[in-house]
Amino acid sequence: MTFTGFFQGLFGADLGWFLATLALILLIAFPVMVGVAFAVYADRKIWAAMQLRRGPNVVGPFGLLQTFADAAKLFLQETIIPSGASRAVFLLAPMITFVLALVVWAVMPFDAGVVLADLNVGLLYVFAVSSMGVYGIIMSGWASNSKYAFLGGLRSAAQMVSYEVSMGFILVAVMMYAQSLNLSDIVMSQKGNVLGILNGNIFNPLLFPMAIMFFITALAETNRPPFDLPEAEAELVAGYQVEYSSMAFALFFLGEYANILFMCALIPVLFLGGWLPPVDWAPLYWIPGWIWFLAKLFFMFFVFAWVKATVPRYRYDQLMRIGWKVFLPLSLFWVVVVSGWLMFTGHFDTIPA
Amino acid sequence: MTTAVFAFYLFATVLLVSAVLVITARNPVHSVLWLIVSFFNAAGLFVLLGAEFLAMLLVIVYVGAVAVLFLFVVMMLDVDFATLRSGMGRYLPFGLAVAGVILGEILLATSGWLGGAGVAFPGLGVPPDGMSNTQWIGSQLYTRYVFIFANSGLVLLVSMIGAIVLTHRQRLGTKRQDVAAQVARTPANATRTTQPALGQGVEL
């Protein structure tokens with residue numbers, strides 16, 4: 001009996017379905033939140049190790065509870081609303097950021113069949129939600145009624161809109177290979193897809209440059225260094241979040257890290273074979289799929305932290321130049337190359353006409 | 001009342017209320033935000049119709065790109081409310097006339113419509129077997145409607161070129177960064193070793 005079926009047997013069809021979905025949402029959202037807390041800790045530890053420091057090591061064993069202490073400090077502070085702010089928009093903006101960062105996880109397949117909403121347009125859903133993420137930032141920048149926040153919001157909006165274009169083309173190439181927009185189908189299409197033994201689009205020479213470009217685009221989309229221009233603490237003090245305090249600031253922070261974790265999970269799904277082991281060899285399948293998935297997620301998160309610790313921030317015109325003059329033509333050209341190759345090798349013959 | 005019916009009335013109500021608020025909100029930025037809410041609820045209605053591909057496209061294109069640019073422009077503009085309101089009396093009759101015509105047309109169209117039976121293209125009712133509706137849209141768009149599709153692409157291309165022609169200008173005296181030249185620069189052609197004699201400077 002399925003999970004939903006169990007609830008429906010207890011509470012009737014409608015209420016049971018509602019309660020089962022609610023339980024599943026909590027089952028995803030709660031680990032994501034805990035994951036965010038430990039991701040912040042891991043991030044700080046990795047940077048510290050790269051800069052030959054110790055990092056957080058006071059609260060709890062090995063400093064593991066540092067993030068919870070920081071969160072408790074934030075919750076106990078006073079929420080300050082600037083006198084010139086547009087109150088409703090000002091308070092709505094962090095909520096939008098936070099909610100959208102959690103809502104994308106609905107289509108994430110953690111293992112074969114372990115997904116809350118198995119949409120057949122899953123990839124477009126991810127794209128739609130991530131394209132709405134810009135509103136949280138632009139609204140906070142405008143509603144704060146502060147020059148720094150406004151500049152940060154504008155920068156972020158321009159940056160995210162620019163990089164979404166090339167991100168879309170990269171997704172087009174991946175979905176042409178998989179012939180599906182469903183994330184589970186995309187993972188399954190990578191099973192033994194290279195030479196019959198390797199699982200993962202990244203081993204495909206045609207998609208390898210796409211994987212690298214997607215990683216860089218993901219950095220820009222999540223406002224991570226070297227593309228953290230919207231925050232740019234040296235010039236804009238902290239960009240769009242400068243007027244926020246307490247809980248509202250915490251929501252921005254949590255949303256940002258939930259987004260980063262999501263990108264670290266999406267790259268494995270699109271390019272590293274999701275819950276499949278890297279090599280299509282039977283003993284590797286004895287390890288459960290979700291362990292492979294989490295291992296790939298951790299690896300990507302380490303790479304994200306690695307980039308932040310080592311690469312200096314870009315100048316804004318350089319950022320725009322890379323987005324529009326390098327990534328956009330390159331990804332568009334590569335979509336043509338990939339589709340031409342697939343047409344030439346008869347990849348599309350199986351599609352119903 | 002089933003969940004779908006409840007969801008329909010929820011989305012439709014919020015859509016209409018936010019559409020009214022778009023034109024009544026005092027602050028133009030709030031107007032754009034209400035417009036985004038109405039776009040989003042229209043996408044919700046598409047999902048209820050089973051057209052999830054169109055719903056996602058609506059969110060990606062209109063909410064994710066077009067409305068962001070609206071918001072950008074409206075935020076940057078210095079809008080003078082007094083001059084905006086002064087035209088109200090002058091434009092009201094014209095606006096009412098347009099609204100009346102549209103209302104009449106909607107009434108005419110809906111009164112002749114039989115619920116559920118009125119599919120405009122007979123052979124196009126349900127996707128063929130083994131095909132999701134997203135694949136079906138693609139197979140129709142790129143075969144049967146390819147000329148219309150390509151033409152709409154051309155219209156967009158022309159308008160894009162027009163926008164670039166109108167706004168692009170080459171200013172004199174600005175310094176530009178040539179990344180290729182910077183990368184191609186080597187220590188050999190950028191530096192020079194000198195041994196200046198005592199009391200003499202270096203010629204640059």
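Computed from a prediction, not measured in an experiment: that's the story for all the values here. Letters A, B, ... are given to chains in the order of the sequence lines, protein chains preceding strands, and every chain is numbered from 1.
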Contacting moiety of [X], where chain A heavy atoms sit under 4.5 Å:
X       : answer
B:Leu69 : neither
B:Ala43 : neither
B:Leu58 : neither

| request: Tell me, out of B:Val179, B:Thr143, B:Val61, who's got the most heavy-atom pairs with chain A below 4.5 Å. | output: B:Val179

| said: If we define contacts as heavy-atom pairs under 4.5 Å, which of B:Val68, B:Leu33, B:Ile60 has the most with chain A? | reply: B:Ile60

| task | Just do the side chain to side chain contact (heavy atoms under 4.5 Å, CB included) check on B:Met75 and A:Ile138 with the steps written out, would you? | result | CA-CA 10 Å; B:Met75 277 180 185; A:Ile138 199 170; 3.7 Å; yes

| Is the count of non-hydrogen atoms from other residues, nucleotides or ligands lying under 6.0 Å from B:Phe53 atom CZ greater than 12? | yes

Check [X] against [Y] and note the closest heavy-atom contact, atom names and distance.
X        : Y       : answer
A:Ala128 : B:Val59 : CB-CG1, 3.6 Å
A:Val161 : B:Gly64 : CG2-O, 4.2 Å
A:Asn120 : B:Glu52 : OD1-OE2, 2.8 Å
A:Tyr135 : B:Ala67 : OH-CB, 3.1 Å
A:Ala157 : B:Phe72 : CB-CE1, 3.3 Å

Let me know if [X] has heavy atoms under 4.5 Å from chain B in its side chain, its backbone, both or neither.
X        : result
A:Ala88  : neither
A:Leu181 : side chain
A:Ser86  : side chain

